[in-house]
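Working notes for the structure below.
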Amino acid sequence: NYYNLGGSYLVSPLQSFSVSFINNLKDKSSLVNAGYQYNLAQDYYGEIGYYFGIGSEQSEFKQYPQVLFASLKHFF
């Protein structure tokens, strides 16, 4: 059994912060995704984020590797 929870906060018209959780109810573990997005120019966005697991060492999401990522998005 799983449930998801997430949200975002608009820091300013050009930047936002978001966080989301995927939760495993059986082993009480969570996969967390936190990210920051910035509007670099019209139609260009940069984002950095981090995925990490929370729970006991034997739980599902704690076994996932920690991931730091960056992305550049262009909308047309």
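Each residue takes its place number in the sequence, starting with 1. Here the structure is a predicted model, which is why all the values come from computation and not from measurement.
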Heavy atoms of other groups near Phe17 CZ, more than 12 under 6.0 Å: yes
Shared ILVMFWY cluster between [X] and [Y], side chains joined below 4.5 angstrom?
X	Y	result
Ile48	Val32	no
Leu72	Val67	no
Tyr36	Val19	no

Point-to-point distance, once rounded to the nearest 0.5 Å, from [atom1] of [X] to [atom2] of [Y]:
X	Y	atom1	atom2	result
Phe61	Phe52	CZ	CZ	13.0 Å
Ser30	Ile22	OG	CD1	9.5 Å
Leu10	Gln15	CG	CD	8.5 Å
Tyr45	Leu40	OH	CG	9.5 Å

Answer yes or no: is there a side-chain heavy-atom contact under 4.5 Å between Tyr38 and Leu14? yes
Within-4.5 Å side-chain heavy-atom neighbours: Tyr2 and Leu31: no
Can you tell me if Asn24 uses its side chain to pair, donor with acceptor, with the backbone of Lys26 under 3.5 Å? yes
Using a 3.5 Å distance criterion without hydrogens, assess whether the side chain of Asp27 forms a donor-acceptor pair with backbone atoms of Glu60. yes
Which heavy atom of [X] sits nearest to which heavy atom of [Y], and what is that distance?
X	Y	answer
Gln58	Gln63	O-NE2, 3.2 Å
Tyr44	Asn39	O-ND2, 3.3 Å
Glu57	Lys62	OE2-CE, 3.5 Å

Apply side chain to side chain donor-acceptor pair (under 3.5 Å) to Tyr64 and list each qualifying residue two or more places apart in sequence or on a separate chain. none
Check the orientation of Phe69 and Tyr51. Use parallel for under 30°, tilted for 30 to 60°, and perpendicular for over 60°. tilted
Given side-chain contact (heavy atoms from CB on, under 4.5 Å), test Phe75 with Lys73 step by step and report yes or no. CA-CA 7 Å; Phe75 297 93; Lys73 300 175 187 177; 4.0 Å; yes
